[in-house]
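Read the structure below first, then the notes.
So you know, we letter chains A, B, ... as the sequences are listed, proteins then strands, and number each from 1. Excluded from the calculations below are hydrogen atoms, water molecules and symmetry mates; all remaining heavy atoms, backbone and side chain alike, are included.
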There are 2 protein chains.
Amino acid sequence: MVVDQLRDADVDRLFQALADATRRDIVRRVTVGEYSVSGLAALYDMSFAAVQKHVAVLERASLVTKEKRGREQIVRGNHEGLQKARRLLDEYEAIWRQRAGRIADILAEG
Amino acid sequence: MVVDQLRDADVDRLFQALADATRRDIVRRVTVGEYSVSGLAALYDMSFAAVQKHVAVLERASLVTKEKRGREQIVRGNHEGLQKARRLLDEYEAIWRQRAGRIADILAEG
DNA sequence: GTATCGTACAACCAAATGGTTGTAGATCAG
DNA sequence: CTGATCTACAACCATTTGGTTGTACGATAC
C-alpha cells in the first residue's frame, strides 16, 4: 500500500517540526510576540546557526513565517500550520467517536 | 534555556510517532478494528520487521497498545496518546486566542 | 512429533537529523 | 568609510531513523 504521497509529505513535515522541544518553544514565543532570528538564538544554549535551522524547519511546516525588516528577519507565528495539525488530529478523534457509536449501537440492539 | 526535560521527551516521541505516513495509517486502522502485527504487515510494501518497528514506536508514544493472544500480538488504538497530542495543540491554539484578544483590546481602547 | 506461523531481536546499512564552525554578503551605527 | 550586527549557507560530524536480512523461539495445525 502507498498511503497518499503529496499530502503525506506535508503532514510528515508538520509533525516532524513539532517533535522537538526547542522548536515548540519557538512556536509559543513567536505566537505571543515578534522575535528576530538572533533574538531567538539568544534564548537557547546553542549556536545561531542551529536556531536558524530550527526556524527554517518551522517555516517549511507553515508553523512560522519570516519577514525581512532591515538586516533582521522577523519571525512570527503562522496559524495555518497549527490549524492543519489540529484538523488532522480532529479526524483521528472522529474515528474514535464513530467507533464508540458503533459499540453503543451493538449494546443497544443486543 | 532548557525547556522542560521529562515531559518534553514524551511529547517529542508523540509527535515523532505521528510524523510518518505509514504509522498514521496504522493508527487509523487499529482504531477502527483489531489487527495482528502480521495482519498489519500484509498491508504495506515493506518487511514484517519494519512494520514491527513502526508498531513499537507507536506503542512507546501511547498511540497503540499490544496484547498477546496465542501466538499473535493484537494491536489496538490507544486513545491516551491522541488525547495528549490534541490537548497539546489546544494549548497552542489558546495562545493564539489570547493574542487575538489583546489585539482586540488595543483596537477597542484606541 | 514435526512443520508452519507469528513474533522478537540483533546486526547491518543509507539517509536524515541536530548540532558545530567557518565564510561571506547586507545593513546599520558612528 | 569602517566596524559591528544579522543573516545565509556550506562543510563537517555524531546520532537517530527507517529500512533490510537472518536467527531463534513459543504457539498452532496437521
Side-chain angles (χ1 to χ4, degrees), chain A residues 1-5 8-27 29-30 33-61 63-76, chain B residues 1-5 8-27 29-30 33-61 63-76:
Chain A
M1 185 199 184
V2 177
V3 186
D4 189 294
Q5 294 289 41
D8 277 339
D10 286 352
V11 180
D12 287 1
R13 246 179 270 133
L14 185 52
F15 286 120
Q16 178 67 36
L18 289 168
D20 180 281
T22 301
R23 284 198 293 262
R24 288 191 301 274
D25 194 66
I26 291 175
V27 167
R29 289 182 183 272
V30 302
E34 287 183 359
Y35 284 82
S36 67
V37 179
S38 54
L40 286 171
L43 300 171
Y44 308 101
D45 185 27
M46 66 182 72
S47 69
F48 170 82
V51 174
Q52 203 178 16
K53 281 193 190 180
H54 281 309
V55 171
V57 169
L58 290 169
E59 190 182 21
R60 293 216 322 147
L63 284 164
V64 132
T65 60
K66 281 196 306 186
E67 187 193 346
K68 196 159 193 165
R69 195 161 70 191
R71 66 182 156 187
E72 292 186 332
Q73 198 78 259
I74 303 300
V75 184
R76 295 196 187 81
Chain B
M1 186 202 184
V2 177
V3 186
D4 188 292
Q5 294 289 38
D8 278 340
D10 285 353
V11 180
D12 288 1
R13 245 178 273 133
L14 186 52
F15 285 121
Q16 177 67 36
L18 289 168
D20 180 280
T22 302
R23 284 197 294 262
R24 287 192 300 274
D25 194 65
I26 291 174
V27 167
R29 288 181 183 272
V30 302
E34 288 184 356
Y35 285 83
S36 66
V37 178
S38 54
L40 286 171
L43 299 170
Y44 308 100
D45 186 26
M46 67 183 73
S47 69
F48 170 82
V51 174
Q52 202 179 17
K53 282 192 189 181
H54 281 310
V55 171
V57 169
L58 290 170
E59 190 182 20
R60 293 215 320 149
L63 284 164
V64 305
T65 60
K66 282 197 306 187
E67 187 193 348
K68 195 157 194 167
R69 196 162 68 192
R71 65 182 159 186
E72 292 186 330
Q73 197 80 258
I74 302 301
V75 183
R76 295 198 186 81

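- In this structure, the nucleotide among D:dT7, D:dG18, C:dG19 sitting nearest to the side chain of A:Glu72 is D:dT7.
- One atom, OH of A:Tyr44, and another, P of C:dG19, lie 12 Å apart when rounded to the nearest Å.
- Between the side chain of A:Arg71 and the base of D:dT7, no donor-acceptor pair under 3.5 Å is found.
- At C:dG18, none of the side-chain N or O atoms of A:Thr22 fall inside 4.0 Å of OP1 or OP2 (strictly under the cut-off).
- Atom CZ of B:Arg23 and atom C1' of D:dG19 are 12 Å apart (whole Å).
- Closest-nucleotide positions on DNA chain D for B:Val57 and B:Ala49 were compared, and the one nearer the 5' end corresponds to B:Val57.
- Which of C:dA8, D:dT7, D:dT21 sits closest to the side chain of B:Ser47 comes down to D:dT21.
- Here the nucleotide nearest the side chain of A:Gln52, chosen from C:dG18, D:dG19, D:dC9, is D:dC9.
- Straight-line distance from the NE2 atom of B:His54 to the C1' atom of C:dT7: 17 Å, rounded to whole Å.
- Comparing A:Phe48 and B:Ala19 along DNA chain D, the residue whose closest nucleotide (by nearest heavy atom) sits nearer the 5' end is A:Phe48.
- When each of A:Lys68 and A:Val51 is assigned the nucleotide of DNA chain C with its nearest heavy atom, A:Val51 is the one assigned upstream, toward the 5' end.
- B:Lys53 has its NZ atom 14 Å from the P atom of D:dT16, to the nearest Å.
- Atom CD in A:Gln16 sits about 14 Å away from atom P in D:dT16, given to the nearest Å.
- Going from atom CZ of B:Arg71 over to atom OG of B:Ser38 covers 9.0 Å, rounded to the nearest 0.5 Å.
- Using a 4.0 Å cut-off between a side-chain N of Lys or Arg and a carboxylate O of Asp or Glu, A:Asp20 and A:Arg24 do not qualify as a salt bridge.
- In this structure, CD on B:Gln73 lies 11.5 Å from CG on B:Leu40, to the nearest 0.5 angstrom.
- Of the listed nucleotides (C:dA8, C:dG18, D:dT7), C:dA8 has the atom at the smallest distance from the side chain of B:Lys66.
- Here the P atom of nucleotide D:dA8 and the CD1 atom of A:Ile74 are 11 Å apart, to the nearest Å.
- Separation of atoms OG1 (B:Thr65) and CG (B:Leu58) is listed at 11.0 Å; rounding is to 0.5 Å.
- Picking from D:dG18, D:dT20, D:dT7 the nucleotide with the shortest atom distance to the side chain of A:Val37 gives D:dT7.
- Here A:Glu72 does not pair with A:Lys66 in a salt bridge; the nearest charged N to carboxylate O distance is not below 4.0 Å.
- As judged by a 4.0 angstrom heavy-atom cut-off over every strand, B:Arg69 is placed among residues making no nucleic acid contact.
- Positionally, the nearest nucleotide of DNA chain C for A:Ala50 lies more toward the 5' end than for the other of A:Ala50 and A:Gly70.
- Separating the CG atom of B:Leu43 from the P atom of C:dG6 is a distance of 14 Å, rounded to the nearest angstrom.
- For A:Gln73, the listed nucleotide lying nearest its side chain is D:dT7; candidates were D:dT7, D:dT20, C:dT7.
- Residues B:Tyr44 and B:Asp25 have side chains in contact (heavy-atom distance under 4.5 Å, counting atoms from C-beta outward).
- As rounded to whole Å, 14 Å separates atom P of D:dG18 from atom CZ of B:Arg13.
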